[in-house]
S.K.: 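There's a structure below that I have some questions on.
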Amino acid sequence: MDTQALDLFVAVAHAGGFAAVAKERLLDPSTVSRVIAGLEAELNVRLFQRTTRSLSLTEAGALYLARIEPLLDEMRRAAAEASNVNAEPRGVLRLTASVAFGVQQIAPLVGEFCALYPGLKLDCVFTDANLDLVQERMDLAIRLAPAIEGNLVATRLFSTRYHVVASPDYIARAAPIAEPRDLLTHRCLLLGLRAFRSTWKFRDAHDALEEVSVDGDVVISTPLALRAAVLSGGGPALLSGFLIADDLRAGRLVDLFPDHRPTPTTFDTGAWAIYPSRAYLPNKVRVMIDFLRSRLS
C-alpha cells in the first residue's frame, strides 16, 4: 500500500478537509481528493463522509486512522534512526542538568565535545529544578538520583558516592572527629533538601549501618554554595564525590570518614542520562550519552 496515500489520509483527517492539506503540500485539491478516493477503493470502504460544507471521518475511517497513524510514526522513526546511524550529528542539542553537575562535570567538556561534533550546537540549561523534558523541549537531562521514576527513559552514566568533608582549618580548631557519632557535637553545614538535613547514614568496612542525627545553624540551597562554605571553614558537610574530588586531591578538604560510606538516602545512587522517548533516540542524543559515559565513568 502506498505510504504517501496513507500520509495524506492522516493529514486530511486532522485538517478536516482537502483544501488545507493541498495548500500546505502545494498540491491541487483534486489530486488530494483523487488519492483518498483511490485509497477508499483499495480498501473497499468509505473513510470520509462528504458534504458540500464539511468532511468528517466515518466509523471505519476513525478505526483506520487509529491503527495507521502509529504505524506511520514508527516507520518515520525507523527511517530516521537507520539514516542517522552513520550520519554526522547536526542541529541543536538541548541539555539540562543541575547547576553543580553542569559547572563541575559538563562545562569543562564542552570544548572537546564541540570539536568532535562541529555540526552540533549545544544549548545547556543548568538549573536545580527538574524541568519537564517534553514541555521545555529538552533532548537530554542529567539527574542524580537512586532511580528514575515515571515514563522517562534513563541510562546510568556512573554510580555516585557521598563524603562528609571539612576544611583543614576547621579540623585544627574544632573538637576531634574520629567516628560518625562525633558529628553530634558539631554544627554541620546542611544542604537545603529535606533528605540531607536531619539524618546521615554510614556503612563501615564491615557493612555495619549507623544513622547519625545532624544539626546546624546554616542551611544552603545549592551544593556549589555549600562547598564554598565548607572550604571557608564553616564546618562539616555531606557532598557528592564529583563535586569535591579536586579539593580532596589538593588537600583543600579532608574526608572525615574514609573508612565509611555515607549517604543522605540510599547507598545505591547514580548519575542518569534521561531522554523523553523510548521509541526513537536521535543520533545527537546518542553521541552525547556515549561521550559523557566515556569521560565521566
Side-chain angles (χ1 to χ4, degrees), residues 96-106 126-133 140-166 177-184 186 188-216 218-227 229-230 235-245 247-248 253-276 278 289 292-293 295-297:
T96 183
S98 70
V99 176
F101 195 92
V103 170
Q104 292 290 109
Q105 300 291 292
I106 296 178
F126 298 148
T127 172
D128 291 329
N130 282 344
L131 300 181
D132 184 308
L133 301 193
L140 183 65
I142 310 299
R143 290 180 184 162
L144 305 178
I148 302 301
E149 300 177 351
N151 297 324
L152 298 173
V153 187
T155 180
R156 189 191 289 252
L157 294 175
F158 60 87
S159 296
T160 56
R161 182 168 179 172
Y162 291 93
H163 303 266
V164 177
V165 295
I177 306 176
E179 299 293 336
R181 58 181 171 271
D182 292 336
L183 292 172
L184 294 170
H186 289 258
C188 296
L189 299 173
L190 304 174
L191 184 64
L193 296 176
R194 183 176 300 175
F196 287 73
R197 293 174 60 172
S198 58
T199 303
W200 296 346
K201 302 176 183 178
F202 296 83
R203 285 197 185 279
D204 64 16
H206 304 289
D207 211 32
L209 177 65
E210 180 180 3
E211 296 188 1
V212 177
S213 296
V214 293
D215 200 1
V218 178
V219 178
I220 298 179
S221 62
T222 67
L224 277 177
L226 181 60
R227 168 181 169 267
V230 180
L238 181 65
L239 288 166
S240 295
F242 77 82
L243 189 62
I244 55 171
D247 299 318
L248 292 174
L253 292 177
V254 177
D255 188 342
L256 296 177
F257 311 112
D259 296 328
H260 291 74
R261 185 171 182 181
T263 184
T265 53
T266 176
F267 292 94
D268 183 21
T269 60
W272 301 83
I274 305 168
Y275 46 97
R278 188 180 302 276
I289 292 174
L292 291 177
R293 182 178 284 119
R295 298 303 186 274
L296 301 180
S297 60

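Below, all heavy atoms of this structure are taken into account, side chains as well, without hydrogens, waters or symmetry copies.
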S.K.: Does Arg203 qualify as a cation-pi partner of Phe267, given the criterion of NZ or CZ under 6.0 Å from the six-membered ring centre and within 45 degrees of its axis?
M.R.: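 Yes - Arg203 lies over the ring of Phe267, closer than 6.0 Å to its centre and within 45° of its axis.
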S.K.: Looking only at the side chains, is there a donor atom on one of Thr155 and Arg293 sitting less than 3.5 Å from an acceptor on the other?
M.R.: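 A pair is found: one side chain offers a donor N or O, the other an acceptor, under 3.5 Å apart.
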S.K.: Please evaluate residues Thr96 and Leu133 with respect to the criterion side chain to side chain contact (heavy atoms under 4.5 Å, CB included), reporting the C-alpha separation (whole Å), side-chain torsions for both, the decisive distance (0.1 Å), and the verdict.
M.R.: CA-CA 9 Å; Thr96 183; Leu133 301 193; 4.2 Å; yes
S.K.: Nearest 0.5 Å, please: how far is NE2 in His163 from CG in Leu239?
M.R.: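 Here the rounded value is 9.5 Å.
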S.K.: Is the shortest side-chain heavy-atom distance between Pro264 and Leu238 below 4.5 Å?
M.R.: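 Contact flag for Pro264/Leu238 side chains = yes.
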S.K.: What is the distance from atom CG of Asp204 to atom CG of Leu209, rounded to the nearest 0.5 Å?
M.R.: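 Going from the CG atom of Asp204 to the CG atom of Leu209 covers 9.0 Å.
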S.K.: So do the side chains of Val214 and Thr199 get within less than 4.5 Å of each other, counting heavy atoms only?
M.R.: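 They are not in contact (no side-chain heavy atoms under 4.5 Å apart), so the answer is no.
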S.K.: So do the side chains of Trp272 and Val153 get within less than 4.5 Å of each other, counting heavy atoms only?
M.R.: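 Side chain of Trp272 against side chain of Val153, heavy atoms only: no contact under 4.5 Å found.
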S.K.: Going by the angle between their ring planes, with limits at 30° and 60°, are Phe196 and Tyr162 parallel, tilted or perpendicular?
M.R.: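 Taking Tyr162 first and then Phe196, their aromatic rings stand perpendicular (interplane angle over 60°).
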S.K.: What is the minimum heavy-atom distance between Ile177 and His186, and which atoms define it?
M.R.: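 Shortest heavy-atom separation between Ile177 and His186 comes out as CG1-NE2, 3.3 Å.
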S.K.: If you take all heavy atoms of Gly102 and Ala97, which pair is closest and at what distance?
M.R.: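 Looking at all heavy atoms of both residues, the shortest contact is N-CB, 4.4 Å.
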S.K.: To the nearest 0.5 Å, what is the distance between CD (Gln105) and CG (Leu296)?
M.R.: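 The CD atom of Gln105 sits 5.0 Å away from the CG atom of Leu296.
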S.K.: Specify the closest pair of heavy atoms between Ala229 and Ile220, including all atoms of both residues, with the distance to one decimal.
M.R.: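 Shortest heavy-atom separation between Ala229 and Ile220 comes out as CB-CD1, 3.6 Å.
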S.K.: May I ask you to test the Ile289-Tyr275 pair for a side-chain heavy-atom distance under 4.5 Å?
M.R.: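 Yes, close enough: below the 4.5 Å cut-off.
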S.K.: How long is the straight-line distance from OG of Ser98 back to CD1 of Ile106, given to the nearest 0.5 Å?
M.R.: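 The OG atom of Ser98 is 8.0 Å from CD1 of Ile106, to the nearest 0.5 Å.
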S.K.: Hey, are the side chains of Arg261 and Phe202 touching, using non-hydrogen atoms and a 4.5 Å cut-off?
M.R.: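 A side-chain contact under 4.5 Å is absent here.
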S.K.: Is there a side-chain contact between Glu179 and His260, using heavy atoms and a 4.5 Å cut-off?
M.R.: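 The answer is yes; the side chains approach within 4.5 Å.
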S.K.: With a 4.5 Å cut-off on side-chain heavy atoms, are Trp200 and Cys188 touching?
M.R.: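 Heavy-atom side-chain distance check passes, below 4.5 Å.
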S.K.: How would you list, by chain and number, every residue that makes a salt bridge (Lys or Arg N to Asp or Glu O under 4.0 Å) with Arg156, sequence neighbours excluded?
M.R.: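 Residues passing salt bridge (Lys or Arg N to Asp or Glu O under 4.0 Å) with Arg156: Asp268.
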S.K.: Run the side chain to side chain contact (heavy atoms under 4.5 Å, CB included) check on Val218 and Leu190 step by step: do they pass?
M.R.: CA-CA 6 Å; Val218 178; Leu190 304 174; over 6 Å; no
S.K.: Give a yes or no answer on whether the side chain of Lys201 reaches the backbone of Thr265 with a donor-acceptor pair at less than 3.5 Å.
M.R.: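 Checked: pair present.
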S.K.: Would you confirm whether Asp128, through its side chain, and Val99, through its main-chain N or O, come within 3.5 Å as a donor-acceptor pair?
M.R.: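 Side chain of Asp128 to backbone of Val99: a pair is present.
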S.K.: Does the pair Leu292 and Phe158 meet the rule for a side chain to side chain contact (heavy atoms under 4.5 Å, CB included), with working shown?
M.R.: CA-CA 10 Å; Leu292 291 177; Phe158 60 87; over 6 Å; no
S.K.: Which atoms form the tightest heavy-atom contact between Ala100 and Leu243, and what is the distance?
M.R.: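 The answer is CB-CD1, 4.0 Å.
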S.K.: Can you list the steps and then say if Thr160 with Ser240 is a side-chain hydrogen bond (donor to acceptor under 3.5 Å, both in side chains)?
M.R.: CA-CA 7 Å; Thr160 56; Ser240 295; over 6 Å; no
S.K.: State, with a plain yes or no, whether a side-chain heavy atom of Phe257 is found less than 4.5 Å away from one of Leu183.
M.R.: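 SC-SC contact between Phe257 and Leu183 confirmed.
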S.K.: CD1/Ile274 to CD1/Ile142 distance, rounded to the nearest 0.5 angstrom?
M.R.: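 Atom-to-atom, Ile274:CD1 and Ile142:CD1 are 7.5 Å apart.
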S.K.: For Val219 versus Gly192, what's the shortest heavy-atom pair and its separation?
M.R.: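 Minimum heavy-atom contact is CG1-CA, 3.5 Å.
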S.K.: Working note: Asp255 + Val164, criterion side chain to side chain contact (heavy atoms under 4.5 Å, CB included); need CA distance, chi angles, decisive distance, verdict.
M.R.: CA-CA 6 Å; Asp255 188 342; Val164 177; 5.6 Å; no
S.K.: Please round to the nearest 0.5 Å and tell me the distance separating atom CG of Leu253 and atom CG of Asp247.
M.R.: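 Leu253 CG to Asp247 CG: 4.5 Å, rounded to 0.5 Å.
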S.K.: Please report the closest heavy-atom contact between Leu184 and Ser213, naming both atoms and the distance.
M.R.: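 Smallest heavy-atom distance, with atoms named: CD2-O, 3.1 Å.
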